[in-house]
Amino acid sequence: MTLQFGNNALLSQLLGDHDRHLIRLEQALGVRLACRGNRIAITGDPAGIETAQLTLNGLYGRLERGQSLSSGDVDAAIKLNARGPDPRLPLADLPAIRTRRGAIQPRSPGQTGYMEMLARHEMVFGVGPAGTGKTYLAVAQAVAMLQTGQVDRIILSRPAVEAGERLGFLPGDMKEKVDPYLRPLYDALNDMMPGEQVVRRMGAGEIEVAPLAFMRGRTLSHAFAILDEAQNTTPMQMKMFLTRMGEGTRMVITGDLTQVDLPSGMTSGLADALATLEGVQGIGVTRFGRQDVVRHPLVGRIVEAYDQRATAERDVARDARRHRPRESDSGTSK
């Protein structure tokens with residue numbers, strides 16, 4: 001297949017420095033891309049050609065709309081256009097979260113569903129491995145709703161210390177004790193709005209970043225509340241947080257059940273909540289997989305390697321239990 005593009009300046013951006021974007025497409029899709037003048041020829045199997053065509057046209061449309069193009073954008077477009085037989089939306093028609101720093105679009109199929117769920121549901125659980133954008137997109141939705149007046153404040157929370165919130169041994173006052181644990185939330189906020197606006201809104205109480213322990217006894221009304229690292233809550237802490245919900249409030253709970261830091265034998269509040277609440281009307285659940293990792297490509301491969309090891313260990317344990325001799329087989333009798 002051969003594609004033709006009308007603007008050579010935009011075509012140059014589509015190719016990337018030293019054709020790096022084309023090389024990325026070739027490596028990901030197993031196709032061969034050759035550019036001659038204002039045409040790109042695609043050679044390969046039919047599925048690869050179709051995905052390459054959708055991706056190139058979508059990225060070129062992005063450039064026509066005046067948006068920039070990075071390697072991450074190329075990777076995201078490849079993932080979004082390689083979704084198998086499902087209907088494929090043009091990149092321009094994907095859901096977007098609009099903040100004053102610009103529009104944020106999904107970079108994986110999982111993110112597409114998650115963003116749609118954030119827009120529709122009052123309570124959303126985002127569960128999956130690191131690097132899938134669970135917290136980042138939740139903060140983006142919160143900022144967008146605050147800036148348009150749909151909520152009056154944002155409340156960001158997480159367990160301050162993984163197992164039990166034991167803050168007393170850390171130096172400094174309470175703010176100095178908890179800030180290191182809440183830093184990822186600050187970073188996401190500063191990506192969404194100018195730093196001085198973050199400081200001003202925090203001073204006015206419109207944005208609050210606090211450890212989970214500070215939520216007890218409160219009723220959160222007309223707020224967007226996010227609980228991050230929820231896998232490290234106990235069932236009692238999780239129930240406490242969820243029941244803070246008041247009128248006009250949205251809640252998002254994010255976590256990774258493969259990274260529970262609670263003491264051995266203690267049930268994760270996130271796992272307990274999913275088992276109890278999944279399917280309840282008004283509650284949305286998005287489960288991300290390694291294919292939704294949008295950080296460096298190595299992160300996805302690292303997650304996959306850990307998953308494969310965990311699966312192998314479970315198989316070994318299951319086989320060991322299956323072949324363990326029963327007492328009746330040991331030759332003993334009463």
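Being a predicted model, the structure only gives us computed values, none of them experimental.
- Put simply, the side chain of M192 reaches to within 4.5 Å of the side chain of I104, judged on heavy atoms.
- Put simply, CZ on R62 and CG on N57 are 15.0 Å apart, with the number rounded to the nearest 0.5 Å.
- H222 NE2 to Q150 CD: the interatomic distance, rounded to the nearest 0.5 Å, is 13.0 Å.
- One distance of note links CZ of R216 with OG1 of T243; it measures 9.0 Å at 0.5 Å rounding.
- A heavy-atom distance below 4.5 Å is not found between the side chains of P159 and D261.
- Side-chain contact check for L185 versus R158: some heavy-atom pair is nearer than 4.5 Å.
- For the pair T258/Y306, no side-chain contact is recorded, criterion being any heavy-atom separation below 4.5 Å from C-beta on.
- Residues L15 and S12 are not in side-chain contact: their nearest non-hydrogen atoms beyond the backbone lie 4.5 Å or more apart.
- Heavy atoms from other residues, nucleotides or ligands lying under 6.0 Å from CZ of R32 number 12 at most.
- At a threshold of 4.0 Å, the pair D75-R107 does not count as salt-bridged, since none of the basic side-chain nitrogens sits closer than that to a carboxylate oxygen.
- Listed for the R244 side chain is a donor-acceptor partner under 3.5 Å among the backbone atoms of R218.
- Side-chain contact between Y114 and V252: present, with at least one pair of heavy atoms (C-beta onward) separated by less than 4.5 Å.
- Here the closest non-hydrogen pair linking V293 and A130 is CG2-O, 3.7 Å.
- Across all their heavy atoms, L118 and R250 have their closest contact at O-NH1, 2.9 Å.
- E206 contributes atom CD, which lies 9.0 Å from atom CD1 of I154 (distance to the nearest 0.5 angstrom).
- When all heavy atoms of N232 and L262 are compared, the pair lying nearest together is O-CD2, 3.5 Å.
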Please evaluate residues L277 and V285 with respect to the criterion side-chain contact (heavy atoms from CB on, under 4.5 Å), reporting the C-alpha separation (whole Å), side-chain torsions for both, the decisive distance (0.1 Å), and the verdict. CA-CA 9 Å; L277 301 175; V285 178; over 6 Å; no

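- Residue pairs meeting the ring pair (Phe, Tyr, Trp, His ring centres under 6.0 Å) criterion with at least one member in residues 15-48: none, sequence neighbours excluded.
- Between the CG atom of L274 and the CD atom of Q231 there is a distance of 11.5 Å, given to the nearest 0.5 Å.
- Checking each of V31, I23, L25 against Q27 for a side-chain contact (heavy atoms from CB on, under 4.5 Å) leaves exactly one that passes, namely I23.
- Side-chain atoms of I155 and T249, non-hydrogen and from C-beta on, never get closer than 4.5 Å to each other.
- Checking D292 against S108 by side-chain atom types alone, a donor-acceptor pair falls below 3.5 Å.
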May I have the step-by-step check of side-chain contact (heavy atoms from CB on, under 4.5 Å) for L63 and N7, ending in yes or no? CA-CA 10 Å; L63 293 169; N7 187 318; over 6 Å; no

Carefully, step by step, assess F241 and T233 under the rule side-chain contact (heavy atoms from CB on, under 4.5 Å). CA-CA 10 Å; F241 179 81; T233 63; over 6 Å; no

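- Using a distance-only test at 3.5 Å, with no hydrogens or angles considered, no donor-acceptor pair links the side chain of D19 to the main chain of L22.
- Cluster annotation: V199 and Y186 are assigned to distinct hydrophobic clusters (Ile/Leu/Val/Met/Phe/Trp/Tyr, side-chain heavy-atom contacts under 4.5 Å, transitive).
- Between the CD atom of Q4 and the CZ atom of R36 there is a distance of 15.0 Å, given to the nearest 0.5 Å.
- Look at E313 and R309 and you find a salt bridge, because one of the NZ, NE, NH1 or NH2 atoms lies within 4.0 Å of a carboxylate O, short of that distance.
- M236 and M215 are assigned to two separate hydrophobic clusters, defined by single-linkage of ILVMFWY side chains at heavy-atom distances under 4.5 Å.
- Heavy atoms of other residues, nucleotides or ligands lying less than 6.0 angstrom from CZ of R39 number 12 at most.
- Looking at S221, its side chain never comes within 3.5 Å of a backbone N or O of G246 through a donor-acceptor pair.
- Y60 approaches L10 most closely through the heavy-atom pair CE1-CB, 3.7 Å.
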Can you give each donor-acceptor pair under 3.5 Å made by side-chain atoms of residues 134-142, sequence neighbours left out, with the distance rounded to 0.1 Å?
unit_1 : atom_1 : unit_2 : atom_2 : d
K134   : NZ     : G128   : O      : 3.1
K134   : NZ     : P129   : O      : 3.0
T135   : OG1    : D228   : OD1    : 2.6
T135   : OG1    : T254   : OG1    : 3.3

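- Distance alone, capped at 3.5 Å, places no donor-acceptor pair between the E122 side chain and the M251 backbone.
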Output, in order, the C-alpha distance, side-chain angles, deciding distance and verdict of side-chain contact (heavy atoms from CB on, under 4.5 Å) for I97 and V143. CA-CA 9 Å; I97 298 173; V143 169; over 6 Å; no

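- No donor-acceptor distance shorter than 3.5 angstrom exists from the side chain of Q197 to the backbone of P194, with no hydrogens or angles considered.
- Closest heavy-atom contact between T219 and R153: O-NH2, 4.0 Å.
- A distance-only check finds no donor-acceptor pair linking the side chain of S157 to the backbone of L227 [under 3.5 Å].
- Counting only heavy atoms from C-beta outward, the side chains of L146 and F224 never approach each other to under 4.5 Å.
- Annotation for G289 and T132: closest pair O-CG2, 3.8 Å, computed over non-hydrogen atoms.
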